[in-house]
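Residue numbers start from 1 in every chain, and the chains themselves are labelled A, B, ... in the order their sequence lines are given, proteins ahead of strands.
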Amino acid sequence: FSMRKKIDEELWEELEEVLICSDMGVHTSNMIIEDLKKKARELKIKEPEQLVEHLKERIKECFSNRELGLFTAENKPTIYLMVGVNGSGKTTTIGKLARRLKNSGNKVIIAAGDTFRAAAIEQLDVWAQRVGVEIIKNKQGSDPASVCFDAIQASKARGADYLIIDTAGRLQTKYNLMNELKKIGKIISREVSDAPHETLLVLDATTGQNSLSQAKLFNDTVSLTGIVLTKLDGTAKGGMIVAIENELGVPVKLVGVGETMEDLQDFDPQAFTDALFS
Amino acid sequence: SLGEKLQGIFKNLKRKGKLKEQDVDSVLREVRLALLEADVNLKVVKDFTKQVKEKAVGQEIWNSLTPAQLIIKIVKDQLTELMGSANSKLTFAPQPPTILMLIGLQGSGKTTTVAKLSNYLKKQGRNPLMVAADVYRPAAIHQLQVLGEQLKIPVFSMGDKQDPVNVCSGAVKKAVGLGCDVIIIDSAGRLHIDEDLMEELKNIKLKVRPHEILLVVDSMIGQESVNVAKTFEDQVGIDGVILTKMDGDARGGAALSVKAVTGKPIKFVGIGEKTDALEPFYPERIASRILG
Ligand SMILES: Nc1nc2c(ncn2[C@@H]2O[C@H](COP(=O)(O)OP(=O)(O)OP(=O)(O)O)[C@@H](O)[C@H]2O)c(=O)[nH]1
Ligand SMILES: Nc1nc2c(ncn2[C@@H]2O[C@H](COP(=O)(O)OP(=O)(O)OP(=O)(O)O)[C@@H](O)[C@H]2O)c(=O)[nH]1
Ligand SMILES: [Mg+2]
Ligand SMILES: [Mg+2]
């Protein structure tokens with residue numbers, strides 16, 4: 001953009017296309033550009049570089065007024081429930097999160113709540129061994145709600161500070177699977193008041209406009225408290241989280257930037273916004 | 001839906017009398033919007049709407065009694081033509097074993113699709129061998145073995161300490177010994193920008209010469225579909241595409257983007273988590289879905 005000499009219709013189109021290409025969606029990109037045009041008129045902006053700076057500010061505004069960081073309950077265990085569609089990165093994220101919490105001196109237990117997919121329990125078990133935390137699991141095919149129940153009892157009995165629960169991937173349009181998730185949420189809140197203390201939607205950054213439907217339907221089912229945006233180490237920018245934050249008020253709290261247990265970072269609005277234009 | 005939006009536009013335009021070029025542009029904006037909302041890549045959308053405009057002008061839509069229907073028909077026909085004919089044929093080697101390899105981004109559905117494809121081939125009377133060449137992901141080998149047990153299809157593995165190149169060449173030898181006529185290789189998920197892992201794919205290709213390399217793409221992928229597909233095609237070379245998770249409500253615009261940028265056909269579609277949830281690709285169905 002520093003190549004451009006003046007602000008013209010072509011530049012506006014170019015800026016809007018950067019947003020669309022980041023998966024922000026036409027509707028949200030359009031809205032942000034219209035806001036920027038208003039601002040440019042009011043402030044009589046003449047320089048393209050200034051325009052880009054204001055655009056970044058406008059995008060960052062979407063992320064203000066938010067709960068940063070994961071909630072910790074007054075009484076242990078603090079319970080985190082990980083949900084999301086198939087293959088988004090839930091199980092791997094649990095390994096990373098368990099590692100982070102353990103490193104800050106907490107006793108962490110993880111629950112193998114995916115009793116359906118082939119080798120899902122074994123996969124989480126490998127993470128438990130790697131990180132050095134306890135895992136609660138049942139047989140393949142058993143009721144996920146009963147695994148959650150057992151995990152909560154074990155966490156209380158063993159004084160765990162944190163319990164992180166894995167669930168099976170499910171497409172948000174599958175009515176019976178979403179009902180199963182609702183039931184899991186109810187069992188958790190019945191056993192521990194105010195739990196789950198965080199219900200995190202694990203969302204693949206390469207996802208396009210379907211992410212809004214995912215966020216809406218998962219939110220309707222289990223009231224999301226935040227999003228983990230995974231695979232941001234790829235080339236996708238994850239722009240659809242702007243629409244999600246705008247329309248649903250669900251904040252991105254963490255980002256996944258790789259496949260090892262260290263690859264978890266706090267969401268950084270400045271870094272995210274800069275990356276949209278890099 | 002796009003159809004209703006176009007009807008509305010043309011109703012208003014007809015009141016003004018004769019249609020002009022900028023009227024066609026307002027119609028094309030709706031087409032562009034529908035395609036972007038369906039996750040078709042922006043550059044692909046631009047090329048596509050340009051082609052639609054040429055056809056629309058050529059067919060003189062303003063003389064039509066039902067211009068909205070005509071535009072929809074042009075768009076649908078153009079989409080269907082671009083997606084190629086229904087072609088779920090796999091290349092089989094004149095001398096067995098035929099070697100198929102599935103590649104793609106993390107979590108796209110490769111391992112599950114290897115099982116589905118093997119099941120499909122077994123039902124066709126072939127004798128498949130699945131190859132556990134993902135030595136990185138925790139329990140990836142176990143995942144394929146569990147699927148193999150469910151389907152009564154053998155799985156070749158050398159554990160997770162061996163180089164995937166050695167695993168694949170070992171599998172070819174084993175297939176001959178077992179009398180298997182088709183080998184399906186499950187590879188580890190990888191980023192198209194990971195130089196080492198892309199190199200690994202090139203090395204596997206050099207060593208075992210797969211007859212068919214299939215790119216597995218999650219149907220909910222957004223604008224990066226073009227970058228991803230093009231990079232895999234340029235660096236490794238692909239023969240076809242399998243689009244997964246089409247049992248969801250993603251519009252699947254990636255189908256158009258991937259075909260447009262690689263020219264390679266979509267051969268199969270994944271429509272569920274079970275091992276029988278694989279369908280051949282039907283271009284007109286996907287075209288309707290993309291248009292909403
Ligand atoms: N590059 C990259 N890969 C990731 C990231 N997070 C997860 N993955 C990979 O994505 C793939 C899927 O991860 P899983 O943790 O199995 O995903 P899941 O949501 O539990 O999948 P299901 O349980 O099958 O629904 C694995 O290959 C992970 O290594 C990330 O931040 N970056
Ligand atoms: N609903 C649905 N789920 C699918 C489909 N294909 C695969 N899945 C699910 O998607 C998730 C990821 O599938 P995998 O086969 O593990 O994906 P992968 O590409 O091998 O993952 P990595 O090896 O980590 O790269 C699993 O939960 C599968 O059950 C499909 O067509 N529909
Ligand atoms: Mg999982
Ligand atoms: Mg796999």
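Interface residue Leu42(B): only side-chain heavy atoms are found under 4.5 Å from chain A. The contact between Leu36(B) and chain A is made by backbone and side chain atoms together, counting heavy-atom distances below 4.5 Å.
Of all heavy-atom pairs between Ala98(A) and Val131(A), the closest is C-CG1, 3.9 Å. The shortest heavy-atom contact between Ala133(B) and Ile185(B) is CB-CG2, 3.8 Å.
Partners of Phe156(B) according to the ring-ring contact (aromatic ring centres under 6.0 Å, His included) rule, which considers only residues two or more places apart in sequence or in another chain, do not exist here. Applying the ring-ring contact (aromatic ring centres under 6.0 Å, His included) test to Tyr120(B) and every residue at least two apart in sequence or in another chain returns Phe268(B). Residues passing the side-chain contact (heavy atoms from CB on, under 4.5 Å) test with Leu291(B), sequence neighbours excluded: Leu2(B), Leu35(B), Val75(B), Lys76(B), Leu79(B).
We find the CD1-CG distance between Ile244(A) and Leu212(A) to be 6.0 Å, quoted to the nearest 0.5 Å. For the atom pair CD1 (Ile227(A)) and CG (Leu254(A)), the distance works out to 11.0 Å, reported to the nearest 0.5 Å.
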Donor-acceptor pairs under 3.5 Å, chain B to chain A, main chain and side chains both?
residue   : atom : partner   : partner atom : Å
Asp39(B)  : OD1  : Gln209(A) : N            : 2.9
Asp39(B)  : OD2  : Gln209(A) : N            : 3.2
Lys46(B)  : NZ   : Glu17(A)  : OE1          : 3.0
Lys46(B)  : NZ   : Glu17(A)  : OE2          : 2.8
Gln106(B) : O    : Lys231(A) : NZ           : 3.1
Gln106(B) : NE2  : Glu259(A) : OE2          : 2.8
Arg137(B) : NH2  : Gln123(A) : OE1          : 3.4
His192(B) : NE2  : Thr235(A) : OG1          : 2.9
Met220(B) : O    : Gly208(A) : N            : 2.8
Gly222(B) : N    : Thr206(A) : O            : 2.8
Gln223(B) : N    : Asp23(A)  : OD1          : 2.8
Glu224(B) : OE1  : Thr235(A) : OG1          : 2.5
Lys245(B) : NZ   : Asn86(A)  : O            : 2.9
Asp247(B) : OD2  : Lys174(A) : NZ           : 2.4
Asp249(B) : OD1  : Gln172(A) : NE2          : 3.2
Asp249(B) : OD1  : Asn210(A) : ND2          : 2.7
Asp249(B) : OD2  : Ser213(A) : OG           : 3.2
Glu273(B) : OE1  : Asn86(A)  : ND2          : 3.0
Glu273(B) : OE2  : Asn86(A)  : ND2          : 3.1

